[in-house]
Chemist: 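One structure, pasted below without further comment.
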There are 2 protein chains.
Amino acid sequence: MIIPLVLTSEIPIYQQIHDRVVEGIASGTLPVGASLPSIRALAADSGINFHTVNKAYDLLRQEGLLHLTRKHGAVIARDHTSGPPHQDFVADWDTRARTLLAEARAHGLSHGDILDRCQALLTAFGVDGPPSAPASGSLA
Amino acid sequence: MIIPLVLTSEIPIYQQIHDRVVEGIASGTLPVGASLPSIRALAADSGINFHTVNKAYDLLRQEGLLHLTRKHGAVIARDHTSGPPHQDFVADWDTRARTLLAEARAHGLSHGDILDRCQALLTAFGVDGPPSAPASGSLA
DNA sequence: GCTGTGATCTATGTTTACTAGAACAAGTAG
DNA sequence: CTACTTGTTCTAGTAAACATAGATCACAGC
């Protein structure tokens, strides 16, 4: 699996890496225990500076989604099977969700349409059933 | 109605103004036709530079949510009663929603919980029923 | 004419994003 | 033990973004 990065996008590169990893976790492609490429490897493969990758990985580490060790490199620390989120996360997520949902609403989408879109997006991540197989996935 | 701005927040000030206005539109507090304070008035009231307010209002204007005229000042251009969104908006919104939903998922919220939260947030905006009364709301 | 409005131009300072190099420490393989 | 890879940290520089500031113009209403 390769991280698609759009270097000309207005979204900062470190944010793109972060977002793609989070989406990989949500979709089950990157289950807990899966390895990501090392900071230097991803930087070399993507043609970007390893400090930029480090920022993305460090952000994921701070959020509790990634373990970074010299022994194992970058390893997914948690996924949806790993238990409920911290309260801090929930409150922050609600705030951001409120704004995003407000945008949909202001632009004319109905409650039903918005919920349908969210449902479809969640469904696209995979069924909300048993935990994914703990096979080791990788981004390289 | 006063825009709550947190000047020490990591969220840029212009983004906060934008987001609060969008939320006002979504909740019906700012229906189509409602007036916002002038750029200079909001800047003076908030203790910020009017260029910063101008950036927020211009962003809203570009998104089709605000009309800016010398005659009427800043007036809400649309709300949920004004018809469906542009396709461009929907595609962009989906992309952002996918990332936000992925975050909830990666941190351990179930499909059901996520949808429940979205539903609750949407409900808090007000019922998805008849258009709000077209009384002129104001942020001043 | 005066006042208030949005719009536009130039300029400055601070913060953020991204890049770069160097170095250190920990861990692994040969 | 050596060489290599790994994450981590420090310093430094450039470009872009954010916020500020002043000035000016055109338009509208009184």
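The analysis underlying the following values was restricted to heavy atoms, covering all of them including side chains, and did not include hydrogens, waters or symmetry mates.
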Chemist: Taking N and O atoms by type only, does the side chain of R40(A) place a donor or acceptor under 3.5 Å from a partner on the base of dG7(D)?
Modeler: yes
Chemist: Give one of base, sugar-phosphate or nothing for F50(B), where a contact means two heavy atoms less than 4.0 Å apart.
Modeler: base
Chemist: Does a side chain donor of either E63(A) or H18(A) reach within less than 3.5 Å of an acceptor in the other side chain?
Modeler: yes
Chemist: Can you check the L68(B) CG to dT8(C) C1' distance for me, whole Å?
Modeler: 14 Å
Chemist: Q62(A) CD to dT8(D) P: how many Å, rounded?
Modeler: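 After rounding, the gap between these two atoms is 11 Å.
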Chemist: Under 4.0 Å: is that the gap between some side-chain N or O of K55(B) and OP1 or OP2 of dA19(D)?
Modeler: no
Chemist: Rounded to whole Å, please give me the gap between CZ in R61(A) and P in dT6(D).
Modeler: 18 Å
Chemist: Tell me whether D58(A) is salt-bridged to K55(A), with the criterion being a basic N under 4.0 Å from an acidic carboxylate O.
Modeler: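 Not counted as a salt bridge, because no side-chain N and carboxylate O are separated by less than 4.0 Å.
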Chemist: When you measure only distances, ignoring hydrogens and angles, does the side chain of H51(B) come within 3.5 Å of the base of dG22(D) through a donor and an acceptor?
Modeler: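 Flag set: donor-acceptor pair detected.
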Chemist: Heavy atoms from C-beta onward define the side chain here; which of dT20(D), dT19(C), dA17(C) lies closest to that of I48(B)?
Modeler: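 Nearest to the side chain of I48(B) among the choices is dT20(D).
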Chemist: Given dT20(D), is OP1 or OP2 found less than 4.0 Å from the side-chain N or O atoms of T52(B)?
Modeler: yes
Chemist: Is there, by distance only and without an angle test, a donor paired with an acceptor across the side chain of R70(B) and the base of dG4(C) below 3.5 Å?
Modeler: no
Chemist: Taking 4.0 Å as the cut-off, does a side-chain nitrogen or oxygen of Y14(A) come that near to OP1 or OP2 on dA17(C)?
Modeler: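 Yes, because at least one side-chain N or O of Y14(A) sits under 4.0 Å from OP1 or OP2 of dA17(C).
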Chemist: Report the distance from atom NE2 of H72(A) to atom P of dA29(C), rounded to the nearest whole Å.
Modeler: 11 Å
Chemist: What's the CG-P distance between N54(A) and dG21(C), to the nearest Å?
Modeler: 16 Å
Chemist: In this structure, how many angstroms lie between the P atom of dT8(D) and the NZ atom of K71(A), rounded?
Modeler: 16 Å
Chemist: In whole Å, I'd like the distance from the CG atom of L60(A) to the P atom of dG7(D).
Modeler: 13 Å
Chemist: Can you find a side-chain donor-acceptor pair between D88(A) and H86(A) that sits under 3.5 Å?
Modeler: no
Chemist: Hey, any chance L68(B) and F50(B) share a hydrophobic cluster, counting ILVMFWY side chains that come within less than 4.5 Å of each other, even indirectly?
Modeler: yes
Chemist: Above 12 or not: heavy atoms from other molecules or residues under 6.0 Å from CD of Q62(A)?
Modeler: yes
Chemist: Please tell me which of S38(B) and N49(A) maps to the more 5' nucleotide of DNA chain C, matching each residue to the nucleotide holding its nearest heavy atom.
Modeler: S38(B)
Chemist: dA19(D) C1' sits how many Å from I11(B) CD1, rounded?
Modeler: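 The answer, rounded to whole Å, is 16 Å.
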Chemist: Can you figure out which of dC18(C), dG7(D), dG6(C) approaches the side chain of A74(A) most closely?
Modeler: dG7(D)
